[in-house]
Amino acid sequence: MYDFDREIDRHGTWSVQWDGIADRFGVPDLLPFTISDMDFASPPEVLAALRDRVDHGVFGYTDWRLGEFRDAIRHWYASRYATEIDPEALVYAPSVLNQLSQLLRMWTEPGDGVVVHTPTYDGFRKAVTGLGRELRGVPLGDLDALERELARPDSRMLLLCSPHNPTGRVWTEEELAAFAELAERHGAAVVSDEIHADLTTDGHRHVPWTRVAEQGRGRRWALVTSGTKAFNFPALSGSYGIVGDPDARQTFVRRMETGEGLASPAVLSLTAHIAAYRQGAPWLDELRGYVAGTMELLRERLATGLPGVVWEPPQAGYLAWIDLRPLGIEETRLQEELVSVEKVAIMPGGVYGTPGFVRLNVGCPRKKAERGVEALIRAATRLRTG
């Protein structure tokens with residue numbers, strides 16, 4: 001029904017991924033597989049709603065609490081996750097990382113520890129360290145290490161990525177319950193970034209943090225998310241969250257409306273969210289199937305092209321997290337080969353604190369993804385045999 005094979009030229013659109021490639025890699029005109037936005041147009045239903053709103057022609061001050069925005073979110077959680085949420089518990093902010101920054105200021109002090117899983121989304125590192133807090137990483141799946149870090153007297157927050165970026169891991173309800181129990185035991189607040197939740201693959205079920213919190217585990221918690229990732233409109237900005245404690249919620253809203261001056265959100269973001277959550281499910285489900293097909297292509301190509309590399313598609317998302325450590329290739333050399341010879345940009349694992357991996361964004365037409373994985377195979381093969 002939807003054409004995900006259509007290639008859209010994004011050059012000259014102020015795209016970070018395409019036009020800003022030289023800022024990160026030092027070389028222009030590389031084929032990018034980098035920042036986590038997609039090369040697909042947003043759903044036609046979203047585009048139609050945006051056109052209608054633009055045609056209205058008046059863009060005065062807006063209030064996200066008026067109209068359909070909160071009810072569209074309530075509908076999405078009920079229909080997608082069989083989860084009832086209280087629209088009165090919702091908060092709004094320009095972005096997920098903006099929400100995180102506010103919550104860090106509310107629930108931690110400079111010098112406090114914030115516990116995350118490694119590898120770690122680089123936006124977390126920038127937000128946490130930029131505010132003078134200490135990022136404390138624990139290996140993915142190591143519950144004992146998680147407890148050791150949370151038990152430190154100055155560890156004040158557990159910051160989750162759910163599903164996890166960059167690995168695409170979908171936490172089970174049992175794992176989330178264990179995280180919640182440890183956080184409560186050691187007095188740590190919990191912030192769960194769930195922006196990748198809508199992109200789970202078949203056979204994997206995302207559990208919103210609200211489901212865990214409803215079981216009485218702690219009061220200082222927040223779920224932060226947005227429809228911008230799944231429906232590909234991050235440049236419209238806009239995110240929302242659920243803050244469990246009513247007093248903390250009021251504090252958050254007051255900080256946003258006074259300290260941050262956010263009295264009026266971007267109306268086109270509200271419009272896009274409402275259309276996506278009311279009409280975008282068929283597009284999203286077809287997208288998920290398309291990305292799953294691309295991931296299977298990657299699995300097959302890597303298995304034949306790089307013997308010794310064992311890789312399975314992620315449980316969520318369009319980011320392929322590939323462990324190249326068995327090849328024994330130094331990360332800097334691989335990046336030089338990819339950039340200077342293959343003319344592609346692929347994120348190195350060191351950005352996320354785990355050298356030896358790469359993060360390949362395949363939220364794109366399949367022909368582009370094929371070019372990326374073949375370039376990776378050629379570069380790695382030359383370095384391995386050279």
Side-chain angles (χ1 to χ4, degrees), residues 15-28 30-39 95-97 100-101 104 114-131 133-141 159-169 193 195-196 199 228-229 234 295 298 302 306 309 311 313-314 316-364 369 372-373 375-376 379-380 383:
S15 164
V16 172
Q17 181 162 192
W18 289 83
D19 296 326
I21 198 72
D23 292 341
R24 184 184 288 269
F25 289 86
V27 178
L30 301 177
L31 186 66
F33 300 89
T34 54
I35 193 169
S36 58
D37 65 8
M38 296 185 284
D39 290 327
S95 71
V96 164
L97 288 177
L100 171 59
S101 294
L104 283 165
V114 176
V115 182
V116 297
H117 287 100
T118 56
T120 308
Y121 165 49
D122 56 321
F124 282 0
R125 184 187 69 251
K126 293 173 184 176
V128 171
T129 60
L131 288 174
R133 278 65 171 170
E134 182 179 311
L135 196 72
R136 295 175 177 171
V138 299
L140 210 66
L159 176 54
L160 290 177
C161 207
S162 179
H164 185 261
N165 175 16
T167 68
R169 168 85 167 265
D193 173 357
I195 199 169
H196 293 270
L199 294 165
T228 59
K229 188 72 65 179
M295 290 293 186
L298 259 66
L302 289 169
L306 289 177
V309 171
W311 179 81
Y318 49 80
L319 305 171
W321 181 246
I322 305 169
D323 185 359
L324 299 178
R325 292 175 300 178
L327 304 181
I329 300 171
E330 202 275 323
E331 182 169 278
T332 301
R333 292 185 63 209
L334 177 61
Q335 284 296 310
E336 290 173 350
E337 194 78 5
L338 289 170
V339 170
S340 62
V341 179
E342 296 295 339
K343 307 299 182 184
V344 299
I346 300 173
M347 297 298 287
V351 170
Y352 313 97
T354 313
F357 290 73
V358 292
R359 195 189 79 168
L360 180 70
N361 178 353
V362 297
C364 58
V373 70
L376 177 63
L383 292 174

Here the ring-ring contact (aromatic ring centres under 6.0 Å, His included) pairs for residues 331-360, sequence neighbours left out, are W321-Y352, W321-F357

For the residue pair [X] and [Y], what are the closest heavy atoms and their distance?
| X | Y | answer |
| --- | --- | --- |
| D323 | V309 | O-CG1, 3.6 Å |
| A127 | L100 | CB-CD2, 3.9 Å |
| L131 | R133 | O-NH1, 2.6 Å |
| E331 | P355 | OE1-CA, 3.3 Å |
| H117 | T120 | O-OG1, 2.7 Å |
| I21 | P28 | CG2-CA, 3.9 Å |

Residues Q17, S15; criterion side chain to side chain donor-acceptor pair (under 3.5 Å); working and verdict | CA-CA 5 Å; Q17 181 162 192; S15 164; 5.7 Å; no

Partners passing ring-ring contact (aromatic ring centres under 6.0 Å, His included) against [X] (at least two apart in sequence or in another chain):
| X | result |
| --- | --- |
| F124 | Y121 |
| H164 | none |
| W311 | none |

Give, for atom [atom1] of [X] and atom [atom2] of [Y], the distance between the pair rounded to the nearest 0.5 Å.
| X | Y | atom1 | atom2 | answer |
| --- | --- | --- | --- | --- |
| L324 | L306 | CG | CG | 7.0 Å |
| T354 | L140 | OG1 | CG | 9.5 Å |
| N165 | D122 | CG | CG | 8.0 Å |
| T332 | I329 | OG1 | CD1 | 12.5 Å |
| L298 | L376 | CG | CG | 8.5 Å |
| I346 | L334 | CD1 | CG | 7.5 Å |

Evaluation steps, side chain to side chain contact (heavy atoms under 4.5 Å, CB included), between I35 and N361 | CA-CA 7 Å; I35 193 169; N361 178 353; 5.8 Å; no

Would you say R169's side chain and C161's backbone share a donor-acceptor pair under 3.5 angstrom?
->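 Checking the backbone N and O of C161 against the side chain of R169, no donor-acceptor pair under 3.5 Å is found.
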
Salt bridge (charged side-chain N to carboxylate O under 4.0 Å, His left out): which pairs involve residues 339-348, sequence neighbours left out?
-> E342-R378, E342-R382

More than 12 heavy atoms of other groups within 6.0 Å of R24 CZ |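 Open.
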
For S36, which residues count as a side chain to side chain contact (heavy atoms under 4.5 Å, CB included) partner, sequence neighbours excluded?
-> K229, Y318, L319, R359

Determine, stepwise, if the pair V358 / F33 fulfils side chain to side chain contact (heavy atoms under 4.5 Å, CB included).
-> CA-CA 10 Å; V358 292; F33 300 89; over 6 Å; no

